[in-house]
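Each remark here refers to the structure printed beneath this line.
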Amino acid sequence: MSDKLNNLPDILSLNSKDLIDWCNSRKKQMHLSNAKLAILSNVPEGTIDRILTGRNLEFRYSTIQP
């Protein structure tokens, strides 16, 4: 993954698939499960599952931000 994807301002310009890839990469770097991510972000685990598996490519930035 390129260095530009490590910078928060740059992720705002990514398309949905690239943003999901970035989120999955960060999740892996931080050793987080979807369950732990749900607790920390206050986003339902089912929502996280749908987004991070790519089953839902239409989501609001406000859902991804936490």
Atom of Pro44, atom of Ala38 and distance for their closest heavy-atom approach = C-CB, 4.2 Å
ask   = Who are the side chain to side chain contact (heavy atoms under 4.5 Å, CB included) partners of Lys27, not counting sequence neighbours?
value = Asn24, Leu32, Asn34, Leu37, Leu52
Nearest-0.5 Å distance that lies between atom OG1 in Thr53 and atom CD1 in Ile20 = 7.5 Å
query = Does the side chain of Ser41 reach to within under 4.5 Å of the side chain of Ile48, using non-hydrogen atoms?
reply = yes
query = Going from CZ on Arg50 to CD on Glu45, what distance comes out if it is rounded to the nearest 0.5 angstrom?
reply = 11.0 Å
key: Contacts of type side chain to side chain contact (heavy atoms under 4.5 Å, CB included), residue Ile39, not counting sequence neighbours   = none
key: From SG (Cys23) to CG (Asp18), nearest 0.5 Å   = 11.0 Å
